[in-house]
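Here's the structure, in structure tokens; my notes come after.
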Amino acid sequence: MLRISDLHYSVAGRPLLVSASATIPEGHKVGLVGRNGTGKTTLFRLIRGELALDSGEISLPSRARIGGVAQEVPSSETSVLDTVLAADAERAALMAEAETATDPARIAEVQTRLQDIDAWSGEARASSILKGLGFEVHEQSRPCSAYSGGWRMRVALAGVLFSQPDLLLLDEPTNYLDLEGALWLESYLAKYPHTVIIISHDRGLLNRAVGGILHLEDKGLTYYTGTYDQFVKMRAEKRAGQAAEAAKQDARRKHLQAFVDRFKAKASKAKQAQSRVKMLERMETITAPEDAARVVFTFPKPEELSPPIVRMESAAVGYDGPPVLQRLNVRIDQDDRIALLGRNGEGKSTFSKLLSDKLHTSDGRKIASGKLRVGYFAQHQVDELHVDETPLDHIRRERPEDAPPKLRARLASFGLGVDQADTLVGKLSGGQKARLSLLLATLDAPHMLILDEPTNHLDIESREALIEALTAYTGAVVLVSHDMHLLSLVADRLWLVKGGTVQPYEGDLEAYRTLLLQGEERPAKPSKEKKKQPILRDRLLELKAEVRKAEARVKKIDDMRDKLAKKLADPTLYEDGRMGELETWNRKYAEVMEAADRAETLWMQAVETLEKAEKPA
């Protein structure tokens, strides 16, 4: 059991935790949530003993082991598998001693302990964890130096999972995982035999892997039993009750004060007035909860292009060698919302680069609209920002002709206010840097937005704001993300990148999640009915195009009608000698009204036909 009692901690004189208390029962899986900057990571460091408390107490069972991923594994020539095996210090020491011990009694003790901790299955367990995090068996023998920092972070995570500490502390563990790794981790943590506390903004993880939420707010801790969605509901009810109590108390306080003000000068009422003064002094103030400042993303609106905006015919793409992807036969329209699925290394990033013209076809054809503008966001772009410049400097470089107030307004539309606009990027939080990168990627009002892991470093409120912005966005969206919540609410088409090509995935996200957790190599073959989907897709595209054309026709005729009505409202048109002209304008107005009726009828028919076609059979 982890017990936090009356904890106080300040940073540079600023209180971060005040009278914070919580109890986490042994074996529970808990999500630690709170807005960025409230002190979640600091609390982890206090639990690990890396920081000294101002006052209070943090207690754990004696000899309890605490584990967490502090930093990536160093670049070394030690193999990935051996690095993970070495993370269990007790096992490693006992295995080494078993090779050198000579005292029979000690040999027996060592062998007994090795059996107790199931040491002999260690290599298989470590290999299984590495495979779940994206390392195939043949890759596990490669040295750590062969992998980038992000992949060495996975090795570090695998190591702490393998060592199985009694209290596992994980700080945003999915930030360096892909969708497949994140789903595997969810499943693994749900079965983890000891206590787990996870700092995460991944709503799916907090709904599937934990059974309690520890909320850090207003310098205090509150524990809620249940998933994140249940926490949101309970907190909303609590806040509503708190606001109601505050309103009642305010009304009561005003009533008492009014009595005091009215009768304090009257001798006959002086005692009663004094009694009410004491009641007011004793009344403990109930403060209504403050709503958090609303976070926003406001994407500029692109003009509409004729469909499709991108089409590929037997296209192939690679990197100066054999193609990574081939047999690409896809089309993208401006209203598409596409999620790219597929294991790491299958080619999702390659396909994204082909769409954004960072790579070109080596065979076949890619046909794009001549006016197409593409916005591209990848996590590495956050690291490429100029740390010695401000967000205002970054956007001024892209829009030198715009006045400072307009540039600041653009920054504000992505949640970067006055303070952040003039702060050096190196001092911004990860979420603020991500907002700046997203702003730069969408500055030209792209018709297609390609987002590769856009939610890393964004808190839950920011992720919800991003979902709203993408839903309202009038361009195409292509998403690569480990955030199932984001994918489920934004994407309406799933494409699987696998086997050197890209094809529509016939199941839904939950089916894909199940397949990954079962270790399936490929989805089940679609039925005959599902094989007809491409034909239906083409028909739907035609019908959507008809609806758009009908809407445009209605708008154009409405504009003509308004102009004619304005003309007919001119008093001079009714003067003597202009009756012929008036008759002409009246006739034109009647023709436009008739055309408006026809256009609206055709529009309604197109909408009804589309709705029927979209209904499941």
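Not measured: the values here are computed from a predicted model.
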Atom pair CG/CG of L168 and L189 - distance to nearest 0.5 Å: 6.5 Å
Close side-chain approach of L130 and F162, heavy atoms under 4.5 Å: no
Validation row: D229, R203 side chains within 4.5 angstrom (heavy atoms): yes
Side-chain heavy atoms of V84 within contact of V155, under 4.5 Å: yes
Side-chain heavy atoms of T350 within contact of K353, under 4.5 Å: no
Sole candidate of L157, L179, L185 that passes side chain to side chain contact (heavy atoms under 4.5 Å, CB included) when paired with T174: L185
Check: Y228 main-chain N/O paired with N207 side-chain donor or acceptor under 3.5 Å: yes
Flag, side chain of Q432 to backbone of S429, donor-acceptor distance under 3.5 Å: yes
Ion pair check, K348 and D452, cut-off under 4.0 Å: no
Heavy-atom pair with the smallest gap, counting every atom of P454 and L451: CG-CB, 3.9 Å
Ionic contact status for R463 with D483, cut-off 4.0 Å: yes
Value rounded to 0.5 Å, distance of OG in S141 from CG in L81: 8.5 Å
Audit row: W184, L516, side-chain contact (heavy atoms from CB on, under 4.5 Å) steps and yes/no: CA-CA 8 Å; W184 177 88; L516 289 175; over 6 Å; no
Residue Q115 excluded, over 12 heavy atoms near CD under 6.0 Å: no
Residues forming a side-chain hydrogen bond (donor to acceptor under 3.5 Å, both in side chains) with E172, sequence neighbours excluded: H201
Verdict with supporting geometry, V30 and I213, side-chain contact (heavy atoms from CB on, under 4.5 Å): CA-CA 5 Å; V30 176; I213 298 294; 5.9 Å; no
ring-ring contact (aromatic ring centres under 6.0 Å, His included) involving Y192 - partner list, sequence neighbours excluded: H194
Note, W151 side chain near R154 side chain (heavy atom, < 4.5 Å): yes
Which atom of S10 lies closest to which atom of P15, heavy atoms considered: OG-CA, 3.5 Å
T225 (side chain) donor-acceptor with G212 (main chain) under 3.5 angstrom: no
Whether R337 side chain and L470 backbone form a donor-acceptor pair below 3.5 Å: yes
Closest non-hydrogen atom pair, Y188 against L161: OH-O, 3.5 Å
D6 side chain to G56 backbone, donor-acceptor under 3.5 Å: no
Taking every non-hydrogen atom, the tightest pair across A87 and G159: CB-O, 3.4 Å
Residue pair R435 / S462, side-chain donor-acceptor N/O under 3.5 Å: yes
Y224: partners by ring-ring contact (aromatic ring centres under 6.0 Å, His included), with sequence neighbours left out: F231
Evaluation steps, side-chain contact (heavy atoms from CB on, under 4.5 Å), between D171 and I199: CA-CA 5 Å; D171 193 343; I199 296 173; 3.6 Å; yes
With E109 via side-chain hydrogen bond (donor to acceptor under 3.5 Å, both in side chains) - residues at least two apart: R106
From L340 atom CG to L494 atom CG, the distance as rounded to the nearest 0.5 Å: 9.5 Å
Main-chain N/O of G27 paired to T195 side chain as donor or acceptor, under 3.5 Å: yes
Ion pair check, R343 and E180, cut-off under 4.0 Å: no
For the student: nearest non-hydrogen atoms of E90 and I117, plus distance: OE1-CG2, 4.2 Å
From CD (Q503) to CG (L328), nearest 0.5 Å: 9.5 Å
S121 and R125: side chain donor to acceptor below 3.5 Å: yes
Y147: ring-ring contact (aromatic ring centres under 6.0 Å, His included) partners, not counting sequence neighbours: F135
Note, V480 side chain near S352 side chain (heavy atom, < 4.5 Å): yes
Sidechain-backbone polar pair: D459 side chain, R35 backbone, donor-acceptor under 3.5 Å: no
Neighbour count >12 (heavy atoms, 6.0 Å) for atom CZ, R3: no
Distance (rounded to the nearest 0.5 Å) between D218 CG and S19 OG: 12.5 Å
Backbone of I467 reached by a side-chain donor or acceptor of T471 within 3.5 Å: yes
D202 side chain near S200 side chain, heavy-atom distance below 4.5 Å: yes
E453 and Y176 side chains, donor-acceptor separation under 3.5 Å: no
Polar side-chain atom of S488 near backbone of M484 as donor-acceptor pair, under 3.5 Å: yes
Crowding at CD, Q111 (>12 non-hydrogen neighbours, <6.0 Å): yes
Donor-acceptor pair, side chain of S79 and main chain of P143, under 3.5 angstrom: no
Any side-chain heavy-atom pair of I450 and F377 under 4.5 Å: no
Side-chain donor-acceptor contact under 3.5 Å, T501 with Q326: no
Gap between atom CG of L7 and atom OG of S55 - 0.5 Å precision: 7.5 Å
Enclosure of E237 CD (heavy-atom neighbours >12, cutoff 6.0 Å): yes
Salt bridge (charged side-chain N to carboxylate O under 4.0 Å, His left out) against E26, all qualifying residues, sequence neighbours excluded: none
Shortest non-hydrogen contact from K433 toward V425: CE-O, 3.1 Å
SB check R235 E217 (cutoff 4.0 Å): yes
Trace of the side-chain contact (heavy atoms from CB on, under 4.5 Å) decision for L479 with L486: CA-CA 9 Å; L479 275 171; L486 172 75; 4.1 Å; yes
